Amino acid sequence: MRIKYFDFLSHHKKIKKLINSTINRVFEDGVLMGGMFVEEFENSFSKMIGVKHCIAVGNGTDALFISLKMMGIGIGDEVITVANGWISASESISLTGAKPIFVDIDTLYDSICVASLERAINNKTKAIILTHFHGQMCDMTAIKNIAKSKNVPIIEDCAQAHLASFEGRYAGTWGLTGCFSFYPTKNLGAYGDAGCIVTNDDDLAKKLRMFARHGIFQKYEHDIEGVNSRMDSLQAAILVSKLPFLEKWTSQRRRNANLYHQYLKNIPEIQLPCERKNSIHVYHLFVIKCKSRDDLKDYLEQAGIETLIHYPIALPFLKAYEKYQFNESTYPSTFANQSKILSLPIRPELNRKEILYVCSKIKDFYRMKI
Ligand SMILES: *Cc1c(COP(=O)(O)O)cnc(C)c1O
């Protein structure tokens, strides 16, 4: 058996007819940028997650950067983010001129440690980028209370958390803005780059839209300088046609996760992901923490099972942040995780038989070790 981690073709095969007719509709409409498909995407997506405004942009990284810029963040400011995330968050912070402040994770949920987050806030802190890593939301009640009492806005990085929820409310609706990526491998993926920002703030929504379109207020009236960040009509139309399937794909991911939970639960060498109470984990990634990780990874590879590591080097320890001389002892949980984490294939197209095959190979590996 061969189990690919990502498999675009097996995904595409199931929706090929729909995608082809969608592409044809865009070409027949003849508007490749902006137009009705982008508008339709913005309306459908904001309706789906229950938020007032959706601004389509070029990708998820832009969504974060544009949010920070329009919140007035820049030189001399600090923005807090999590140490074990993806570089888009810290990269966008640096790009505004502000300094990224990394906070360690809690070992149970692998999301930002709330106590450390609270300690990291000072009078230079101008925002918090909360990454709902792996598809599970952070502890929003605790964090919202802290952020509110310190008067610091929250930007949610929802790139891995489409339809994830906490206490019945979707990711993206808790912060001042929610930033989504529709990179092809995400839970809702375009056929190229795409992203969006959601917000309930009317004024901010106007600014975000303006900044993403070269600061244009009306045609040829540039009130400010901005950037060029747009979702093209083709991506927007594809996303609109995929949107009705997102719930089904999410439950298929959760079904696969349940199988993993069920069949891997009694292996002492493995720690399974922990689901937060009152929240829905959408399993963009199924990350286990395991003993002899590299050997297990090789063993699975031999058995035709592709796994990945998200990510082998945590943000503070990357060469890009060498200048700050971040210390491993400042981020003990993040650092300890680096050598243990392994992402198992979890995509919706995988069936029960395939997931059980992965489980059996993992069991074989540890039996052999003993
Ligand atoms: C994918 C991802 C992003 C970036 O999205 P792009 O569309 O690739 O720019 C940001 N944050 C997280 C957590 C991601 O997984």
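The basis for the numbers below is simple: all heavy atoms, side chains too, and nothing from hydrogens, waters or symmetry mates. Computed from a predicted model, the values in this text were never measured in an experiment. Just so you know, ligand 1 is whichever comes first in the structure, and atom 1 is the first atom listed for that ligand.
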**OP:** Compare Ala89, Ser88, Ser181 and give the one whose heavy atom is closest to atom 7 (O) of ligand 1.
**Re:** Ser181
Subject >> With Ile101, the side-chain contact (heavy atoms from CB on, under 4.5 Å) member among Ile80, Ile121, Val79 >> reply: Ile80
Original post:
Is ligand 1 under 4.0 Å from a heavy atom in the side chain of Lys186, in the backbone, in both, or in neither?
Top reply: side chain
Original post:
If you measure from each non-hydrogen atom of Asp157 to ligand 1, which part falls under 4.0 Å: side chain, backbone, both or neither?
Top reply: side chain
**OP:** Would you mind checking if Asp364 and Arg367 are paired as a salt bridge, meaning a charged N to carboxylate O distance below 4.0 Å?
**Re:** yes
**OP:** Can you measure from OG1 (Thr185) to NE2 (His284) and round to the nearest 0.5 angstrom?
**Re:** 5.0 Å
Original post:
With atoms numbered from 1 as shown, which atoms in ligand 1 lie under 4.0 angstrom from a non-hydrogen atom of Asn59?
Top reply: 7 (O), 9 (O)
Original post:
Under 4.0 Å from any heavy atom of Thr131, which atoms of ligand 1 are there?
Top reply: 13 (C)
Subject >> ligand 1 atoms in contact with Trp86 (distance to a heavy atom under 4.0 Å) >> reply: 2 (C), 3 (C), 4 (C), 10 (C), 11 (N), 12 (C), 13 (C), 14 (C)
**OP:** Please say whether Thr61 places an N or O atom under 3.5 Å from an N or O atom belonging to ligand 1.
**Re:** yes
Original post:
Among Tyr283, Phe286, Tyr357, which one satisfies ring pair (Phe, Tyr, Trp, His ring centres under 6.0 Å) with Tyr260?
Top reply: Phe286
Original post:
How are the rings of Phe102 and Tyr321 set relative to one another: parallel (under 30°), tilted (30 to 60°) or perpendicular (over 60°)?
Top reply: perpendicular
Subject >> Joint hydrophobic cluster, Tyr299 plus Ile341, side-chain heavy atoms closer than 4.5 Å >> reply: yes
**OP:** Could you say whether the N/O atoms of Gly60 and ligand 1 ever approach to under 3.5 Å?
**Re:** yes
